[in-house]
Amino acid sequence: RGAAVVISGNGEVILEDLTIEVQAGIGVAAEGLRKLTLARVRIRGKQALSALMSKRYPLQAIDTPLIGVVADRVGNLQTTDLEVRGFAGFGVLLHESYVQVTGGQFNNNVGVAMLVHGGEATVDGLSIADNPASRLILSPPAAGLLLSGGVTFRGDDLVLRRNGGAGLLQ
């Protein structure tokens, strides 16, 4: 399986007041956009959290909700009240993108709730909570928020609570 929503090119896209339910694969995948706005979007993996915690690595997109949102080289990603829950690899994976997150919840994901690699991210009013680690010994490290690749990050009113592994890993 691929992604429920795939967006690529150099244009501008707005998704708002939308619920996306994902049985397997990725919720929203965006690549190379000039601007992407996600406003009041709910992206939910459709498997029980206990089942996700017992999945064997490497995970398979054919039977597992893997990533809620993946953005690769998005020039301006703005989220407002984005909810991402129920994914077994990453809730949100941002690569070399410029991101403004206002409000929202990245909760009940297994593994890493939010990974920001490179680029720049400003977060205000985000809750990253209740994201457990996998129950399996041979699984990747878990973190609420993982920063890597020289990212420039600023967080205000950021809540990191009850996450498996590290709350913040840099």
Side-chain angles (χ1 to χ4, degrees), residues 1-7 13-31 33 36-53 55 59 61 63-72 74 76-95 97-117 119 121-134 140-148 151 153 155 157-169:
R1 297 220 176 162
V5 177
V6 177
I7 310 163
V13 175
I14 298 171
L15 299 177
E16 60 185 358
D17 300 313
L18 181 66
T19 298
I20 300 169
E21 296 185 341
V22 179
Q23 185 64 35
I26 298 168
V28 174
E31 179 181 18
L33 293 172
L36 173 61
T37 302
L38 302 174
R40 298 168 309 280
V41 174
R42 294 156 305 284
I43 304 170
R44 300 174 178 154
K46 293 300 294 173
Q47 294 185 22
L49 192 59
S50 60
L52 295 176
M53 290 174 63
K55 293 280 185 179
L59 297 171
D63 65 356
T64 305
L66 291 178
I67 304 170
V69 175
V70 60
D72 181 25
V74 173
N76 181 359
L77 171 58
Q78 296 180 357
T79 73
T80 303
D81 297 326
L82 175 64
E83 175 192 311
V84 179
R85 63 177 56 240
F87 291 88
F90 300 92
V92 176
L93 191 158
L94 307 171
H95 178 256
S97 296
Y98 293 83
V99 182
Q100 172 71 47
V101 176
T102 305
Q105 300 177 7
F106 302 165
N107 300 340
N108 298 307
N109 298 287
V110 176
V112 176
M114 181 179 187
L115 167 65
V116 186
H117 180 85
T122 301
V123 173
D124 185 17
L126 176 65
S127 172
I128 298 177
D130 302 312
N131 296 287
S134 171
L145 175 60
L146 176 58
L147 304 174
S148 66
V151 64
F153 182 85
D157 193 19
L158 173 63
V159 175
L160 297 167
R161 180 179 61 231
R162 292 184 307 272
N163 293 296
L168 171 64
L169 186 59

Test Phe90 against every option in Ile67, Ile26, Val69 by the side-chain contact (heavy atoms from CB on, under 4.5 Å) rule and name the one that passes.
-> Ile67

Examine distances only and state if a side-chain atom of Arg42 and a backbone atom of Arg40 form a donor-acceptor pair shorter than 3.5 Å.
-> yes

Any side-chain heavy atom of Pro65 sitting closer than 4.5 Å to one from Leu52?
-> yes

Is the shortest heavy-atom distance from the side chain of Gln78 to the side chain of Leu38 under 4.5 Å?
-> no

What is the distance from atom [atom1] of [X] to atom [atom2] of [Y], rounded to the nearest 0.5 Å?
X: Leu146; Y: Met114; atom1: CG; atom2: CE; result: 10.5 Å
X: Asp124; Y: Leu126; atom1: CG; atom2: CG; result: 9.5 Å
X: Leu145; Y: Phe153; atom1: CG; atom2: CZ; result: 5.0 Å
X: Glu21; Y: Ile43; atom1: CD; atom2: CD1; result: 11.5 Å
X: Leu93; Y: Leu66; atom1: CG; atom2: CG; result: 11.0 Å
X: Ile128; Y: Arg161; atom1: CD1; atom2: CZ; result: 11.0 Å

Partner set under side-chain hydrogen bond (donor to acceptor under 3.5 Å, both in side chains) for Asn108, not counting sequence neighbours = none

Please assess Asn107 against Asp130 for the test side chain to side chain donor-acceptor pair (under 3.5 Å), listing each intermediate value before the final yes or no.
-> CA-CA 6 Å; Asn107 300 340; Asp130 302 312; 5.5 Å; no

